[in-house]
Amino acid sequence: MVTTTFASPLGEILLAADGRGLTGLWFEGQEHFGSTLLKENAEHVEGADAVSGAGGMSSVNPANGAASAVLERSWAWLNAYFAGQEPRFTPPLHMIGTAFQREVWFELLSIPRGEVATYGEIAQRVAAKHRVPGNEDPVVSPRAVGAAVARNPISIIVPCHRVVAADGSLNGYAGGLDRKERLLRLEGAYEE
């Protein structure tokens with residue numbers, strides 16, 4: 001496990017990765033901060049400038065080379081995102097959670113930039129994937145979806161900020177409602 005920090009316009013971000021992909025992206029001090037970190041073996045590397053390529057991330061431990069590469073791609077993604085661009089790639093992700101949580105998190109990836117979805121809509125999408133003969137109308141609770149969204153360890157890239165209440169109001173963002181609003185404004189999905 002390798003970690004680094006990213007200075008975003010919305011505050012300091014901690015990123016964590018292993019050889020399989022990005023395992024965490026949290027705003028400093030947010031709810032569930034560092035929930036997927038394996039602290040005993042974590043190595044911290046200094047970030048690179050993804051725009052100029054200066055100072056590439058390099059791990060002291062050669063076994064962490066793949067994780068460092070994931071962090072470099074994640075930095076490049078964040079640089080493009082905060083510059084107001086739509087990143088053309090998603091860094092490799094290693095989402096650590098229950099099967100249901102991962103299913104919800106993968107569904108979040110399908111919400112396009114500039115759009116939002118409700119907890120109920122996400123619940124319907126997840127339920128639809130479980131329709132089989134004998135279980136044609138599976139039920140997934142929007143509250144269960146909300147609990148999974150709240151535990152998303154890869155904020156921004158897995159866009160939990162794009163999920164809103166049934167009435168369209170902003171609620172429930174582990175990084176804080178102010179950040180949720182600012183992220184949606186950056187994407188053109190929120191205006192007062």
Side-chain angles (χ1 to χ4, degrees), residues 3-17 21-37 47 49-51 71 73-91 93 95-97 100-126 140-192:
T3 64
T4 193
T5 53
F6 180 88
S8 87
L10 304 181
E12 194 82 3
I13 293 174
L14 176 68
L15 296 99
L22 189 66
T23 60
L25 188 159
W26 307 273
F27 284 105
E28 187 74 35
Q30 79 170 51
E31 290 179 45
H32 313 296
F33 180 82
S35 61
T36 58
L37 282 178
D49 181 346
V51 175
L71 292 176
R73 290 189 52 85
S74 301
W75 259 63
W77 191 100
L78 289 168
N79 276 326
Y81 178 84
F82 283 114
Q85 303 167 5
E86 173 134 18
R88 296 175 186 248
F89 65 93
T90 300
L93 303 175
M95 294 191 251
I96 300 170
F100 177 74
Q101 287 173 329
R102 287 191 312 271
E103 192 170 1
V104 169
W105 300 336
F106 278 110
E107 193 60 46
L108 298 179
L109 290 167
S110 71
I111 305 170
R113 179 187 179 101
E115 295 182 25
V116 295
T118 67
Y119 295 96
E121 290 168 344
I122 299 296
Q124 289 172 355
R125 293 179 198 173
V126 171
V140 174
S141 161
R143 285 184 183 225
V145 166
V149 169
R151 299 296 295 200
N152 171 23
I154 306 175
S155 187
I156 307 173
I157 294 175
V158 178
C160 52
H161 62 279
R162 295 181 187 154
V163 183
V164 298
D167 65 2
S169 64
L170 302 185
N171 66 346
Y173 186 60
L177 289 180
D178 178 58
R179 284 188 181 123
K180 182 173 187 164
E181 180 180 330
R182 291 176 66 191
L183 290 169
L184 291 173
R185 284 183 189 281
L186 176 68
E187 297 177 2
Y190 183 78
E191 293 181 26
E192 276 187 308

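Reckoned from all heavy atoms, side chains included, excluding hydrogens, waters and symmetry mates.
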S.K.: For the CD1 atom of I13 and the OG1 atom of T4, what is their distance to the nearest 0.5 Å?
M.R.: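 So the gap between those two atoms works out to 11.5 Å.
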S.K.: Hey, are the side chains of Y81 and R113 touching, using non-hydrogen atoms and a 4.5 Å cut-off?
M.R.: yes
S.K.: Could you pull out the closest heavy-atom pair between C160 and V149, with the gap in Å?
M.R.: CB-CG1, 3.6 Å
S.K.: Is L25 close to F6 at the side-chain level, that is, under 4.5 Å between some pair of heavy atoms?
M.R.: no
S.K.: Look up atom CG in N79 and atom CD in Q85, then write down how far apart they are to the nearest 0.5 Å.
M.R.: 9.5 Å
S.K.: Taking salt bridge (charged side-chain N to carboxylate O under 4.0 Å, His left out) as the criterion, tell me which of E181, E107, E187, E115 meets it with R162.
M.R.: E187
S.K.: For side-chain contact (heavy atoms from CB on, under 4.5 Å), just list the numbers for M95 and L109, CA-CA rounded to whole Å, side-chain angles, deciding distance to a tenth of an Å, and then say yes or no.
M.R.: CA-CA 12 Å; M95 294 191 251; L109 290 167; 4.0 Å; yes
S.K.: Could you tell me if the side chain of R125 sits less than 4.5 Å from the side chain of I111, heavy atoms only?
M.R.: yes
S.K.: For F100 versus A144, what's the shortest heavy-atom pair and its separation?
M.R.: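 Where F100 meets A144 most closely, the heavy atoms are CE2-O, 3.5 Å.
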S.K.: Test side-chain contact (heavy atoms from CB on, under 4.5 Å) on F106 and L93; report intermediate values, then the result.
M.R.: CA-CA 10 Å; F106 278 110; L93 303 175; 5.6 Å; no
S.K.: Answer whether the closest heavy-atom distance between the side chains of V163 and E121 falls below 4.5 Å.
M.R.: no
S.K.: Is there a side-chain contact (heavy atoms from CB on, under 4.5 Å) between L78 and L15? Walk through the geometry before answering.
M.R.: CA-CA 11 Å; L78 289 168; L15 296 99; 3.9 Å; yes
S.K.: Check the pair I122, E103 against side-chain contact (heavy atoms from CB on, under 4.5 Å), reporting the backbone distance first and the verdict last.
M.R.: CA-CA 10 Å; I122 299 296; E103 192 170 1; over 6 Å; no
S.K.: Calculate, to the nearest 0.5 Å, the distance between atoms CD and CH2 belonging to E86 and W77 respectively.
M.R.: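 Those atoms lie 8.5 Å apart.
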S.K.: Just by modelled atom types, is the A148 backbone N or O under 3.5 Å from a matching donor or acceptor in the W105 side chain?
M.R.: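 Yes, W105 side chain to A148 backbone: donor-acceptor pair under 3.5 Å.
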S.K.: If every non-hydrogen atom of V116 is compared with every non-hydrogen atom of A189, which pair is closest and at what distance?
M.R.: CG1-CB, 4.3 Å
S.K.: If you look at every heavy atom in W75 and T5, which pair is closest and at what distance?
M.R.: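 In terms of heavy atoms, the two residues are closest at CZ2-O, 2.9 Å.
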S.K.: Rounded to the nearest 0.5 Å, what's the gap from OG on S8 to CZ on R179? Could you check?
M.R.: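 Between atom OG of S8 and atom CZ of R179 there are 7.0 Å.
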S.K.: Side chains of residues 152-159: which donor-acceptor partners sit under 3.5 Å, not counting sequence neighbours?
M.R.:
residue: N152; atom: OD1; partner: I154; partner atom: N; Å: 2.9
residue: N152; atom: ND2; partner: V158; partner atom: O; Å: 2.8
residue: S155; atom: OG; partner: Y173; partner atom: OH; Å: 2.7

S.K.: Got a second to check how far I96's CD1 is from R151's CZ, nearest 0.5 Å?
M.R.: 12.5 Å
S.K.: Looking only at non-hydrogen atoms, find the nearest pair between Y119 and G172 and report the distance.
M.R.: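 Taking Y119 first and G172 second, the nearest heavy atoms are OH-O, 3.7 Å.
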